[in-house]
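Heads up, the thing below is written out as structure tokens.
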Amino acid sequence: MPEGHTLHRLAGELNSSFAGRRVRVSSPQGRFAASAAELDDSTMIIAAAHGKQLFCDFDDDRILHIHLGLIGSLDLGPPVPVRGEVRVRLATPSVVADLRGPQLCAVRTPEEVAAVVATLGPDPLRADADPDLAWIRLRRSGRPIAALLMDQSVLSGVGNVYRAEVLFRNRIDPHRTGKQLTRRSWRAIWDDLVELMPIGVRDGRIDTVRPEHMPEAMGRPPRVDDHGGEVYVYRRAGQSCFVCGSRIRTEVLAGRNLFWCGRCQRRG
DNA sequence: CGAGCATGGTGAC
DNA sequence: TCACCCTGCTCGA
């Protein structure tokens with residue numbers, strides 16, 4: 001589930017339900033028991049995301065730092081009995097938030113959080129982001145753009161779905177290197193992410209298909225896939241490109257499954 | 001029931 | 001580049 005949009009959405013949900021309130025903190029699974037006891041019954045000030053990192057500020061300068069990783073989840077809802085491996089449960093009388101399978105969950109100091117944030121590239125979902133910081137890294141790199149987009153120290157928040165989709169939408173071959181990218185192309189990618197990712201935050205899913213290519217407009221059936229919205233190439237290997245009809249290709253790049261259209265997306 | 005898979009990342013070689 | 005970590009779900013024996 002978790003690319004940057006998921007974490008920003010969760011930060012908003014946490015703020016609605018917990019900010020300014022006393023929070024019960026527990027670790028039903030036990031692996032976070034000591035830290036949970038330390039935070040229990042204190043006040044959550046505010047939650048915020050930076051890229052895929054989620055930070056919940058509690059009083060006394062204690063910050064709960066969460067990274068969901070590939071399989072982690074944080075589910076908010078009405079109080080229900082604990083089910084499965086719940087690493088951390090945040091609770092008020094009316095709401096619980098259950099954290100399962102996070103890659104990282106720890107209590108940090110403000111200095112430690114600042115150090116983490118300092119390692120991250122600009123986040124398209126943050127108003128304070130400066131795309132030129134990413135461009136400085138990109139422009140001299142011999143690595144493929146599909147790898148650079150996933151590198152959280154270059155820019156933060158983009159994952160495997162957004163990298164594939166933003167490259168398709170901008171007709172850029174994933175193998176083009178940073179050096180082969182023009183500043184103009186980079187700005188097009190960035191501006192597109194700034195447009196797309198807030199939609200993901202709003203809807204809680206990734207939709208990237210433009211109106212003229214939507215199923216209704218094209219006379220094609222809606223995408224049958226339970227894990228996402230309407231996308232052009234992600235997990236569509238072997239199927240027809242919605243724009244040109246050629247077969248969507250796939251390969252492993254930077255350790256992850258990459259999808260692209262060899263005809264629509266150009267090398268140079 | 002086990003194997004394989006997943007929108008991520010780390011550490012060892 | 002690879003093994004491995006975290007959890008839950010699906011699929012095939």
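Given the structure is predicted, the values throughout are model-derived calculations rather than measurements. These numbers come from the heavy atoms of this one structure, side chains and all, not from hydrogens, waters or symmetry mates. Below, chain A is the first sequence line, B the second, and so on; all start at residue 1.
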task = Give the rounded distance in Å between these two atoms: CG of A/L68 and C1' of B/dG9.
result = 12 Å

query = Which pairs, with at least one residue in residues 69-84 of chain A and sequence neighbours excluded, count as a salt bridge (Lys or Arg N to Asp or Glu O under 4.0 Å)?
reply = A/D75-A/R100

task = Scan residues 247-268 of chain A for pairs that pass salt bridge (Lys or Arg N to Asp or Glu O under 4.0 Å), counting only residues two or more places apart or in two chains.
result = none

ask   = CG of A/L99 versus P of C/dC6: gap in Å, rounded?
value = 14 Å

Please enumerate all protein N or O atoms sitting under 3.5 Å from an N or O of nucleotides 10-13 of chain B, with distances to 0.1 Å.
none

query = Between A/E165 and A/R169, is there a side-chain N and carboxylate O pair less than 4.0 Å apart?
reply = no

task = Return the value, rounded to whole Å, for the distance between atom NE2 of A/H65 and atom C1' of B/dG8.
result = 13 Å

task = Give the rounded distance in Å between these two atoms: CG of A/L193 and C1' of B/dT7.
result = 14 Å

Qualifying ring-ring contact (aromatic ring centres under 6.0 Å, His included) pairs, either residue in residues 92-117 of chain A, two or more places apart = none

remark   = A/H50 atom NE2 is separated from B/dG8 atom P, nearest whole Å, by 17 Å

message = Quick check on B/dT7: is either OP1 or OP2 less than 4.0 Å from any side-chain nitrogen or oxygen of A/H5?
response = no

ask   = Given B/dA6, is OP1 or OP2 found less than 4.0 Å from the side-chain N or O atoms of A/N160?
value = no

query = What's the NZ-P distance between A/K52 and B/dA6, to the nearest Å?
reply = 15 Å

inquiry  = Applying salt bridge (Lys or Arg N to Asp or Glu O under 4.0 Å) as the test, list every pair that has at least one member in residues 182-191 of chain A; sequence neighbours left out.
reply    = A/D132-A/R183, A/R187-A/D191

task = Kindly say if A/Y162 contacts the phosphate of B/dT7, meaning a side-chain N or O under 4.0 Å from OP1 or OP2.
result = no

ask   = Residues two or more places apart in sequence or in another chain: which of them pass side-chain contact (heavy atoms from CB on, under 4.5 Å) with A/A164?
value = A/V233

inquiry  = Aromatic contact between A/H65 and A/F55, with the criterion being ring centroids under 6.0 Å apart: yes or no?
reply    = yes

key: Rounded distance in Å between the P positions of C/dC5 and B/dC13   = 15 Å

task = Go through residues 108-124 of chain A and report each residue with a non-hydrogen atom lying under 4.0 Å from DNA chain B, sorted by number.
result = none

ask   = Given atom CE of A/M150 and atom P of B/dT7, what is their separation to the nearest angstrom?
value = 8 Å

N/O to N/O distances under 3.5 Å, protein versus nucleotides 7-9 of chain C:
from, atom 1, to, atom 2, distance (Å)
C/dT7, OP1, A/Q29, NE2, 2.4
C/dG8, OP1, A/E85, N, 3.2
C/dG8, OP1, A/R100, NE, 3.4

key: salt bridge (Lys or Arg N to Asp or Glu O under 4.0 Å) contacts touching residues 27-40 of chain A (sequence neighbours left out)   = A/R24-A/D40

ask   = Taking only residues at least two apart or on different chains, which pairs with a member in residues 137-162 of chain A satisfy side chain to side chain donor-acceptor pair (under 3.5 Å)?
value = A/R137-A/S153, A/R143-A/D151, A/D151-A/S153, A/N160-A/R163

task = Take the protein atom CZ of A/R256 and the nucleotide atom P of B/dC5, then report the distance between them rounded to whole Å.
result = 14 Å

Residues forming a side-chain contact (heavy atoms from CB on, under 4.5 Å) with A/E112, sequence neighbours excluded = A/R108, A/T109

message = Give me each pair satisfying ring-ring contact (aromatic ring centres under 6.0 Å, His included) with a member in residues 102-124 of chain A, each pair once, sequence neighbours excluded.
response = none

ask   = When you check the side-chain N and O atoms of A/Q29 and A/R87, is any donor under 3.5 Å from an acceptor?
value = yes

